[in-house]
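Have a look at the structure below before the remarks.
Numbers for residues simply follow the sequence, beginning at 1.
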Amino acid sequence: MARWCYRHRLVVLLLWVGALFGLGFSASTAGTNYANVFSLPDTDSKSAYDLMEKAFPDTSGDTDTVVWKVDDGSVRDRTVRDRIRPALEDIAKMPGVGAVTSPYGDRGAAQVSRDGTIAYAQVTFVKRANEVPKELVQDVVDTAQRAERAGLQVELGGQAIQRVQEPPQGLSETVGIVAAAVVLFLAFGSFFAMTLPIAIAVFGVGTGLFTTQLLSHTTDVPDIAPLLASLIGLGVGIDYALFIVTRHRRGILRGLDPEESAVTALNTSGRAVLFAGGTVCIALAGMLVTRLRFLDGVVIGTSLTVVLSVLAATTLLPALLGFLGPRVLSRRQRRRLAAQGPEPELADGLAARWSTGVEKRPRRTAALALLFMAVLAIPVLSLRLGATDQGNDDASTTTRKAYDLLADGFGPGFNGPLQVVTEGGETGALVTSLKDTPGVAQVAALPPAQGVTVIQVVPTTSPQSVETDRLIDRLRDDVIPGAGVDAHVGGVTAVSKDFSTVTGDRLPLFIATIIGLGFLLLLVAFRSLVVPLTAALMNLIAAAASFGVLVAVFQWGWGLELLGLGKEGPINAFLPVIMLSLLFGLSMDYQVFLVSRMHEEWVHTRDNARAVRVGLAETSRVINSAALIMVCVFMAFVLSGDSGAAMAGVGLAAAVALDAFILRTALVPAAMHLLGDSNWWLPRWLERRLPHLAVEPKEEVAAPQAEARPKNGPASAVHGFVRTTEGDPVEGASVTLLSAGGRQLDRVVSLADGSYIVSVPAPGTYLLATTAASYGSRARHVVVGEGPLVYDVELADGELDAVN
C-alpha cells in the first residue's frame with residue numbers, strides 16, 4: 001500500500017483534498033446539533049427530570065439572565081427603571097427571543113434583592129443554547145450593556161451568553177500547530193520535513209471534526225467532543241507522522257533511495273503507528289463500560305479522529321514523501337550525503353550519555369524518579385469530583401460578574417437551585433419540612449401542572465460546596481421520607497452530584513478494563529509477562545501524578561491566575577474517564593516505541609543490559625520530541641475558553657510530560673536494568689498458546705528486494721575487494737553492512753590489497769555501503785544466500801552512487 005501511495009501520489013493527494021473539502025462543505029451546510037445528554041438511568045435526578053419534562057414539555061429553550069446593580073439608591077428608582085426597561089423591551093422584540101421576565105412586572109418582587117441594590121431579568125430563547133445564533137446573543141449582550149452608566153452595572157449570565165465570550169474558534173488549535181511547527185523545525189532542520197506532520201494532523205483532524213459534526217445530527221454528541229477530538233487528533237496526528245518521517249529520513253541518510261526508504265518506514269514505523277492508533281482507540285472505547293451516555297459521543301468523536309489521523313499517516317504521508325523526495329532532508333544533510341556518502345546514524349551525544357548513566361546507576365535513578373512522582377501524586381488524595389459552572393470563569397468575564405452579583409444579592413445557592421419534584425398528593429407537609437431543613441435558604445412551590453408539583457429549593461451554600469452535596473443527601477434520605485411523599489431531587493446541581501457519584505462508582509471497572517486490554521496487547525506484542533506488568537504499573541503512576549497536578553492547579557488554585565483560568569473548584573466528573581483513556585492510549589504509544597527497539601536488540605544479542613541501553617539511546621530523542629509537541633498542543637487548549645477542555649489540556653500535558661521525560665526516559669529503563677533477563681520471561685505453555693502479533697516486521701522481510709529464500713540460516717559473510725575503475729586497490733575504505741531497515745550490522749576497513757570481509761547474521765537482503773576519501777561512495781543492496789557472497793566494489797573518483 002505504501003508503494004502504491006508513493007507512486008500514485010497525485011491521486012492520493014486529490015482524494016484527501018476532495019474528502020476534506022467535501023466533508024467541510026457538507027458539515028457547514030448541515031450545521032451543528034451537539035447535545036449534552038446527562039442521562040443517568042436509575043438515579044434520583046433522572047426521575048425528577050422525567051417528571052418535569054412531563055409537566056413542562058415546551059420549556060426547551062435556554063434561559064439566560066440579565067443582572068444589574070446600583071451603587072447608590074435602589075434598582076426600583078425611576079432613573080434606573082427608565083434605562084433598564086427600554087433595553088429589556090428591545091430584547092423581547094428580537095427574533096429568536098421567546099420571553100423576557102422583568103422584575104418590574106406584577107410578579108417581579110422576588111427578582112429584586114432584599115437591600116434593593118441588585119435585580120435580574122430572565123431572557124428565554126426559543127432554542128437551546130448551542131442552537132441560538134451567536135449574532136442574536138451578541139445583540140442581547142450589546143443591548144443590555146448599553147443601559148450601563150456611572151453607578152449602574154449591567155452583566156449577563158447563562159449558557160448562550162457564555163458562547164459569545166469564548167475566544168475565536170480555532171485559536172487553541174492554531175497556537176498548538178504553531179508551537180508544534182517550531183519544535184519540528186528545531187528537530188528536523190528542514191522546512192519541508194516540518195510541514196509533513198502538520199499537514200497530516202490538519203487532514204486527520206479536519207476530516208474527523210467534519211464527520212463528527214455530521215454525526216451529531218444522527219446521535220447525541222456533546223459540545224465538548226469536537227474540542228477533545230481536535231486536542232487528541234492534533235497530538236497523535238503530529239506524533240505518528242513524526243515517527244514515520246524520522247524513520248524515512250534515517251533510511252535516506254543510510255543510503256536508501258527515497259521510494260525504498262518510504263516503503264521501509266511505512267512497513268516498520270507505519271506498523272507501529274497502526275498498533276499505537278489501535279491501542280488509543282481501544283483505550284477510548286473503554287469509556288463505554290461506564291455506560292454514561294454523555295461519553296458515547298466523546299468516544300465517537302475522538303476515536304473517529306484518531307482513526308482518520310492514522311489513515312492519513314499511512315496513506316497521505318507516503319504520497320507527500322513522494323512529492324518531496326530527498327528534500328525531506330535539510331540542505332546541510334543533503335550536502336553531507338553527497339560529499340561523504342551514506343553513513344549509519346549512531347546514537348551519540350546526550351541521549352547516549354544519559355542511557356549509559358541510567359545503566360550505571362539504575363537504583364538511584366529509579367528511586368529519584370519514584371520520589372518525584374510520589375510527591376506530585378500527593379494532592380490526588382483530596383480529589384473531589386463535581387462540575388464547573390460560570391462561577392469558575394475568569395473574573396473579567398460578564399458571566400462571572402453576573403454569577404457573583406446574583407450570589408451577593410440572593411445568596412450563594414441562588415446560582416444552583418434544587419428542584420424537589422413530586423407527582424400527586426399533598427405537598428404542604430413537604431414544603432414545611434423543607435423550610436425547616438438546615439442549609440435551606442428559600443423554598444417556593446410552583447403551581448401544579450399535569451399533576452406534577454415542582455418545589456424550588458435554594459441552598460444557603462454554593463452549587464460546588466460540599467455542604468450542598470450533604471444537603472441533597474439529607475433531603476433524599478431524611479426530609480422527603482419523613483414527609484411521607486414520593487418526591488425526587490433534581491436540578492443542575494443534583495444532576496452533577498449524581499454524575500460524580502456514578503462516575504466514581506464505575507471508575508474502578510473502567511481502569512481495570514483499559515489496563516487489562518493494554519496488558520494483553522503488550523503481552524502478545526512482546527512475548528513477555530514482565531513488560532506489560534511494568535507498563536501497567538507505570539501507567540498508574542503517571543495517572544496518579546498527573547491527577548495530582550490537576551488537583552493542585554484547578555482544585556487548590558495553584559497557578560490559576562497565571563494561566564488565566566478563573567476560580568478554583570472541583571474537578572469535572574467526566575474528566576477522569578476521558579483523561580485516563582487518552583493517557584493510557586498515548587503512554588502505550590511511547591511504551592511500544594521504546595520497548596520495540598529494546599526487544600529488537602534483545603532478539604539479536606540476548607544481552608538485556610545492551611538491549612535497554614541501545615533502545616533508550618536510539619529512541620529517547622524522538623520520544624522526547626514527540627512528547628514536547630504534545631505538551632505544546634495540549635497546553636494551547638487553555639486558550640479554548642472551555643473549562644473542561646482547559647482542564648483536559650493541562651492534565652494531559654502534565655501526564656505526557658511526566659510519562660515521557662520521567663517514566664520512559666528514567667524509571668522504565670532503570671527498572672528494566674534491575675529486572676535483567678526476567679524482563680523477557682514468558683512461560684512456555686503460554687508462548688505456545690499466544691497468537692503472533694509483530695509490531696514491526698523482521699528486518700529481513702522489510703526490504704522490497706527480498707526474494708523467496710530461507711527465513712533462517714547460519715551466519716555467513718560478504719567479502720571481496722574495493723578497487724578503483726582502473727583496478728587499483730583502495731586501502732582504508734569504510735565498508736558498512738546495514739539491515740534493510742538501516743541498522744548497522746558490521747563495519748570494517750579495507751586492507752592494503754583492497755580486501756574486506758563483513759559478517760552476515762543470516763540469509764537475506766542487506767545494504768552494503770562503501771566510502772573512501774577522494775573516491776566518493778557507493779551503496780548497493782546485496783542478497784546473501786546459504787553461503788558467503790563474493791562482491792567486489794568499484795569506486796570512481798568523486799563519484800556518489802545512490803541506491804535506485
Side-chain angles (χ1 to χ4, degrees), residues 243 246-247 250 268-269 271-272 275-276 344-363 365-366 369 521-538 587-624 660 663-683 687 690 692-702 712 715 737-747 759 761-762:
F243 293 154
T246 300
R247 188 66 175 252
R250 185 190 307 164
T268 51
S269 294
R271 286 174 180 255
F275 184 85
E345 183 181 323
L346 301 176
D348 55 8
L350 181 60
R353 291 195 297 272
W354 172 258
S355 182
T356 303
V358 173
E359 181 184 13
K360 291 179 178 178
R361 293 175 290 275
R363 287 184 175 82
T365 302
L521 283 171
L522 291 180
L523 174 65
V524 174
F526 297 116
R527 327 297 293 177
S528 164
L529 278 175
V530 178
V531 167
L533 281 173
T534 304
L537 180 61
M538 296 302 165
S587 63
M588 192 75 73
D589 293 355
Y590 298 145
Q591 182 76 0
V592 167
F593 196 70
L594 173 67
V595 178
S596 61
R597 183 64 188 91
M598 294 178 178
H599 185 257
E600 177 188 358
E601 196 69 24
W602 164 257
V603 170
H604 281 90
T605 65
R606 295 292 167 177
D607 183 345
N608 178 76
R610 173 182 170 81
V612 176
R613 182 180 68 251
V614 172
L616 176 61
E618 293 191 3
T619 60
S620 60
R621 181 179 178 185
V622 69
I623 287 176
N624 291 335
L663 293 186
R664 311 300 160 188
T665 307
L667 188 53
V668 168
M672 294 184 73
H673 277 301
L674 293 173
L675 291 169
D677 291 352
S678 60
N679 283 307
W680 316 106
W681 176 76
L682 184 69
E687 166 70 31
L690 283 179
H692 286 267
L693 173 64
V695 177
E696 293 192 5
K698 292 184 178 180
E699 299 257 11
E700 295 84 1
V701 184
N712 298 298
L737 185 73
L738 305 170
S739 69
R743 181 171 175 268
Q744 179 181 326
L745 302 175
D746 196 9
R747 187 176 187 180
S759 61

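- Annotation: side chain of Leu682 is not in contact with side chain of Ser528 (no heavy-atom distance under 4.5 Å).
- Here CG of Asn679 is found 11.0 Å from CG of Leu533. Values are rounded to the nearest 0.5 Å.
- Interatomic distance, CG of Leu616 versus CE of Met598, reported as 5.5 Å (0.5 Å rounding).
- Checked by atom type and distance alone, the side chain of Ser355 pairs as donor or acceptor with a backbone atom of Arg613 at under 3.5 Å.
- Atom CE in Met672 sits 9.5 Å away from atom OG in Ser678 (nearest 0.5 Å).
- Between Trp602 and Trp680, the ring-plane angle classifies as parallel under the 30° and 60° cut-offs.
- Contact between Ala660 and Ile623 at its shortest, heavy atoms only, is CB-CG2, 4.1 Å.
- Separation of atoms CG (Leu674) and CG (Asn608) is listed at 10.0 Å; rounding is to 0.5 Å.
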- prompt: Under the side-chain contact (heavy atoms from CB on, under 4.5 Å) criterion, do Gln591 and Leu663 qualify, and how do the steps go?
  reply: CA-CA 10 Å; Gln591 182 76 0; Leu663 293 186; over 6 Å; no

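- In this structure, the side chains of Thr534 and Val595 stay at 4.5 Å or more apart for every pair of heavy atoms.
- Proximity of Ser596 to Phe526: side-chain heavy atoms (C-beta onward) are separated by under 4.5 Å at one or more points.
- Residues that satisfy the ring pair (Phe, Tyr, Trp, His ring centres under 6.0 Å) test with His673, not counting sequence neighbours, are absent from this structure.
- Heavy-atom minimum distance, Ser759 versus Asp746: N-OD2, 2.9 Å.
- Looking only at side-chain heavy atoms (C-beta outward), Leu737 and Arg747 stay at 4.5 Å or farther from each other.
- Within the 4.5 Å cutoff, side-chain heavy atoms of Val358 are placed close to those of Trp354.
- The main-chain N or O of Ala351 is never found under 3.5 Å from a side-chain atom of Arg621 such that the two would form a donor-acceptor pair.
- A distance of 11.5 Å separates CG in Leu529 from CG in Leu522, rounded to the nearest 0.5 Å.
- Of all the heavy atoms in Leu667 and Ala369, the pair that sits closest is CB-CB, 4.1 Å.
- Side-chain contact between Pro761 and Leu745 is present, with heavy atoms from C-beta onward closer than 4.5 Å.
- In this structure, Arg527 CZ and His599 NE2 are separated by 8.5 Å, a value rounded to the nearest 0.5 Å.
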